[in-house]
Amino acid sequence: MVTYESATSRLGRLLTMVPWLLNRQGIDLAEAADQLGTSVDQVVDDLQLLFVCGLPGHYPDDLIEASWEDGRVHVANADTIARPLRLGRDEALALIVALRALADTPGLTDRDAIDRALAKLESAAGDAAASADQVQVSLEQPLPPELADRLRRAICGRRRVHLRYTVASRDETTERDVDPVRVAAVDGRWYLEGWCHRAGGVRLFRLDRVEDLQVLDVDGTPPPDLPLRDLGSGVYRAAPDDLRVHLEVDPRAAWITETLPVEEVRRRDDGVLEVVLPVADPVWLHRLVRREAGAVRVTAPADVVADVAREAREAVAGHRGTTRID
């Protein structure tokens with residue numbers, strides 16, 4: 001049985017496996033699995049994937065070839081992968097900056113491996129490596145070492161974790177068990193992505209909202225073929241059934257258009273921004289309007305406008321010590 005793993009882990013194994021097999025043509029399948037530290041089923045699954053791998057834009061005849069039907073593994077058309085990696089100056093500097101940032105992340109990484117890779121890159125880059133000193137990567141939300149260590153143990157050991165987690169949109173604390181998949185830094189914050197047993201699906205948890213995390217002595221292998229998020233363009237994804245709310249935003253609250261996933265923005269002659277914002281939870285919207293104290297006004301849909309106005313009247317009535325205002 002092939003066990004779940006991230007795409008990154010599998011890619012790393014394939015990039016190692018292909019050159020290794022090229023130098024061991026005809027190796028016994030079981031022996032290859034043993035030396036690669038995996039199962040026969042996993043090797044076969046990887047070989048089947050190689051059939052659709054090759055250089056971009058090339059014809060089917062240029063795809064990698066693999067055979068193992070007779071119990072012996074043969075790989076062809078894979079010489080490109082076996083060649084030594086060559087990096088351009090900008091690529092090498094980007095890797096140096098990224099590895100330095102990764103080395104500063106407590107608990108999540110093998111520091112010795114990172115230090116060795118950095119030393120090799122800096123040596124190969126020579127004087128050009130000094131340019132990397134001018135670039136620094138910083139996160140708004142540092143990752144506590146103890147939390148990082150627990151997450152590392154859970155992910156590496158495929159252990160389930162129990163979270164006490166604050167759901168900001170509902171202002172409540174929940175208890176849930178999660179099979180962790182990965183930890184990622186997005187837009188200056190750390191997130192845990194995993195299979196949430198309470199929600200019955202993949203969820204993303206902001207680590208600064210985790211009040212407590214315990215590693216359980218329970219298998220935490222997530223279901224296979226999970227639909228992980230593409231985090232390259234940010235965390236938030238509007239759902240098709242999210243409410244589309246129309247807002248008027250004064251210039252002093254223009255941060256909304258730069259921070260929140262707005263779908264439309266139009267600037268009027270008076271400087272006010274007309275914004276369409278997808279909203280999953282109206283309670284969160286009410287808090288946004290209250291916090292901005294008149295700088296954000298809801299103009300549609302009508303029922304949301306009425307709810308916000310009612311809440312404002314109740315708030316004013318409570319402030320004045322009365323039950324009703326006209």
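Numbering of residues begins at 1 and proceeds along the displayed sequence.
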Could you tell me if the side chain of [Y] sits less than 4.5 Å from the side chain of [X], heavy atoms only?
X	Y	result
L285	V304	yes
E146	D149	no
Y191	R209	no
P301	L243	yes
L29	V44	yes
M17	L36	yes

Check: [Y] main-chain N/O paired with [X] side-chain donor or acceptor under 3.5 Å:
X	Y	value
E193	A184	no
D28	A30	yes
T174	Y165	yes

To the nearest 0.5 Å, tell me how far [X] [atom1] sits from [Y] [atom2].
X	Y	atom1	atom2	result
I256	L277	CD1	CG	7.5 Å
L213	L216	CG	CG	8.5 Å
R24	L21	CZ	CG	8.0 Å
T173	L163	OG1	CG	12.0 Å
L151	L207	CG	CG	6.0 Å
E65	L47	CD	CG	13.0 Å

Among R267, H246, R266, side chain to side chain contact (heavy atoms under 4.5 Å, CB included) partner for E274: R266
The side chain to side chain contact (heavy atoms under 4.5 Å, CB included) partner of W190 among V183, L147, V210 is V183
[X]/[Y] ion pair, N-O < 4.0 Å:
X	Y	result
R290	E311	yes
D70	R72	no
E175	R198	no

Heavy-atom closest pair, residues [X] and [Y]:
X	Y	value
G271	P251	O-CG, 3.5 Å
A293	R252	O-NH2, 3.7 Å
V18	V75	CG1-CG1, 4.5 Å
A254	L273	CB-CD1, 4.0 Å
P19	T16	CD-O, 3.4 Å
V279	P282	CG1-N, 4.1 Å

Would you find more than 12 non-hydrogen atoms of other residues, nucleotides or ligands less than 6.0 Å from D217 atom CG?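 Check fails, neighbour count at 12 or below.
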Over 12 non-hydrogen atoms of neighbours within 6.0 angstrom of CD in Q35: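 Yes.
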If you measure only the distance, is there a donor-acceptor pair under 3.5 Å linking the side chains of D212 and H162? no
Are S39 and D41 linked by a side-chain donor-acceptor pair shorter than 3.5 Å?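 No, D41 and S39 have no side-chain donor paired with an acceptor closer than 3.5 Å.
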Please assess W195 against V181 for the test side chain to side chain contact (heavy atoms under 4.5 Å, CB included), listing each intermediate value before the final yes or no. CA-CA 7 Å; W195 177 264; V181 175; 5.6 Å; no
If hydrophobic clusters are built by linking Ile, Leu, Val, Met, Phe, Trp and Tyr wherever their side-chain heavy atoms come under 4.5 Å apart, do V262 and V272 end up in the same one? no
Set out, in order, the CA-CA distance, both residues' side-chain angles and the distance that settles side chain to side chain contact (heavy atoms under 4.5 Å, CB included) for D303 and V305, then state yes or no. CA-CA 5 Å; D303 56 339; V305 174; over 6 Å; no
Would R176 and F205 count as a side chain to side chain contact (heavy atoms under 4.5 Å, CB included) if you check the C-alpha gap in whole Å, the side-chain angles of each, and the deciding distance to 0.1 Å? CA-CA 11 Å; R176 57 186 78 210; F205 302 97; 3.4 Å; yes
Have a look at D179 and tell me which of R203, R160, R158, R159 forms a salt bridge (Lys or Arg N to Asp or Glu O under 4.0 Å) with it. R160
Apply side chain to side chain contact (heavy atoms under 4.5 Å, CB included) to the pair E211 and T166, showing each step before the final yes or no. CA-CA 7 Å; E211 296 185 8; T166 299; 2.8 Å; yes
